[in-house]
Amino acid sequence: MSALTYPEVGATRLGPLPAGYSHLHHRTRVGRGPEDFAAAGAAVTEWRMHRASGVRLEASTRRAEPGSTVRLALGVGPFAIGAVCSIVWTEYGADRIGFGYGTLDEHPEQGEECFVVDLADDGTVWFTVTAFSRPVRWYTRLAGPLVPVIQRWYARRLGRTVRRIVTARRP
């Protein structure tokens, strides 16, 4: 396995996000109550969220666990962008489920991203994407200001996907 490519490991869990990177924070309401919370948490940590969003994903484990490796690809044919990450933290709590993964050598960016489902005190279920990243490949540097726009689009897409998965399982 390759080494993580950034020193601020775990910053998406503990904060604050480090300086010198682009930051992303996107939150989406995806349901209500413990059953929706459990369904959303499973969709996130068992890779269904990514796959249902159109990402090709190969993971070394059935669900997110520290040290797992995840290979992602988005796009078609020669226009597909691949990324390899390692899970750096997970949380499987009574009101918070999620994980963070960090970039490995084969990733076009450098940084960390997390996907978390929270059950709020009022019963609302929230899905949040938090990330810090910066380009390391020529093509991500060339894309410049488009990269954060694409990352925000993708975060919104993931939120809609989790909401759809949660809603589809209801009777």
Side-chain angles (χ1 to χ4, degrees), residues 4-6 8-33 36-57 59 63-64 68 70 72-75 81-93 95-103 107-136 140 143-169:
L4 293 166
T5 61
Y6 62 102
E8 303 90 347
V9 176
T12 58
R13 182 179 200 175
L14 304 173
L17 298 183
Y21 296 85
S22 293
H23 295 170
L24 170 70
H25 183 82
H26 180 75
R27 187 174 182 211
T28 305
R29 184 181 183 274
V30 295
R32 183 156 194 80
D36 286 356
F37 170 71
V44 169
T45 60
E46 295 172 4
W47 318 119
R48 291 193 315 268
M49 167 192 70
H50 283 89
R51 289 183 174 124
S53 293
V55 172
R56 292 184 307 283
L57 181 141
R63 76 176 198 164
S68 300
V70 182
L72 307 135
L74 184 61
I81 302 277
V84 184
C85 300
S86 180
I87 307 298
V88 297
W89 64 265
T90 59
E91 187 165 338
Y92 292 96
D95 59 2
R96 182 175 161 95
I97 298 172
F99 69 92
Y101 56 34
T103 57
H107 200 290
E109 294 274 309
Q110 179 183 61
E112 190 173 293
E113 186 169 27
C114 77
F115 310 93
V116 174
V117 177
D118 290 296
L119 178 60
D121 290 340
D122 69 356
T124 304
V125 179
W126 295 96
F127 167 71
T128 305
V129 178
T130 304
F132 61 91
S133 63
R134 60 182 167 216
V136 293
T140 50
L146 288 179
V147 173
V149 171
I150 293 166
Q151 289 171 329
R152 284 191 302 276
W153 168 84
Y154 184 61
R156 287 191 302 272
R157 180 179 178 93
L158 292 177
R160 288 190 304 270
T161 299
V162 172
R163 184 183 312 125
R164 188 176 68 246
I165 290 169
V166 167
T167 302
R169 63 138 196 76

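Residue numbers count from 1 along this sequence.
- Partners of W126 under the side chain to side chain donor-acceptor pair (under 3.5 Å) rule, at least two apart in sequence or in another chain, do not exist in this structure.
- Side-chain N/O atoms of T5 and T103 include a donor and acceptor closer than 3.5 Å.
- Ring-centre distance between F132 and Y6: below the 6.0 Å cut-off.
- Applying the salt bridge (Lys or Arg N to Asp or Glu O under 4.0 Å) rule to pairs touching residues 110-128 yields R96-D118, sequence neighbours excluded.
- Applying the side chain to side chain donor-acceptor pair (under 3.5 Å) definition to pairs two or more places apart or across chains, those involving residues 148-159 are S133-Q151.
- Each of T161, T167, V162 was checked for a side-chain contact (heavy atoms from CB on, under 4.5 Å) with I165, and the lone residue meeting it is T161.
- When every heavy atom of F127 is checked against every heavy atom of V44, the shortest pair comes out as CE1-CG2, 3.8 Å.
- With rounding to the nearest 0.5 Å, the separation of SG in C114 from CG in L24 is 9.5 Å.
- The minimum heavy-atom distance linking S68 with R63 is given by the pair OG-O, 4.2 Å.
- The closest side-chain heavy-atom distance from T28 to R160 is not below 4.5 Å.
- The two residues S53 and L158 have their closest heavy-atom pair at OG-CD2, 3.3 Å.
- Side-chain contact between V125 and V166 is absent, with no heavy atoms from C-beta onward closer than 4.5 Å.
- The shortest heavy-atom contact between D36 and G31 is OD2-CA, 3.5 Å.
- With R134 contributing its side chain and G20 its backbone, the two residues share a donor-acceptor pair below 3.5 Å.
- In this structure, H23 has no side chain to side chain donor-acceptor pair (under 3.5 Å) partners at least two apart in sequence or on a different chain.
- Among all heavy-atom pairs drawn from A11 and L17, the shortest one is O-CD2, 3.9 Å.
- Residues meeting the ring pair (Phe, Tyr, Trp, His ring centres under 6.0 Å) test with W47, sequence neighbours left out: F99.
- The minimum heavy-atom distance linking S86 with L4 is given by the pair CB-CD2, 4.1 Å.
- Residues meeting the side-chain contact (heavy atoms from CB on, under 4.5 Å) test with R13, sequence neighbours left out: W89, E91.
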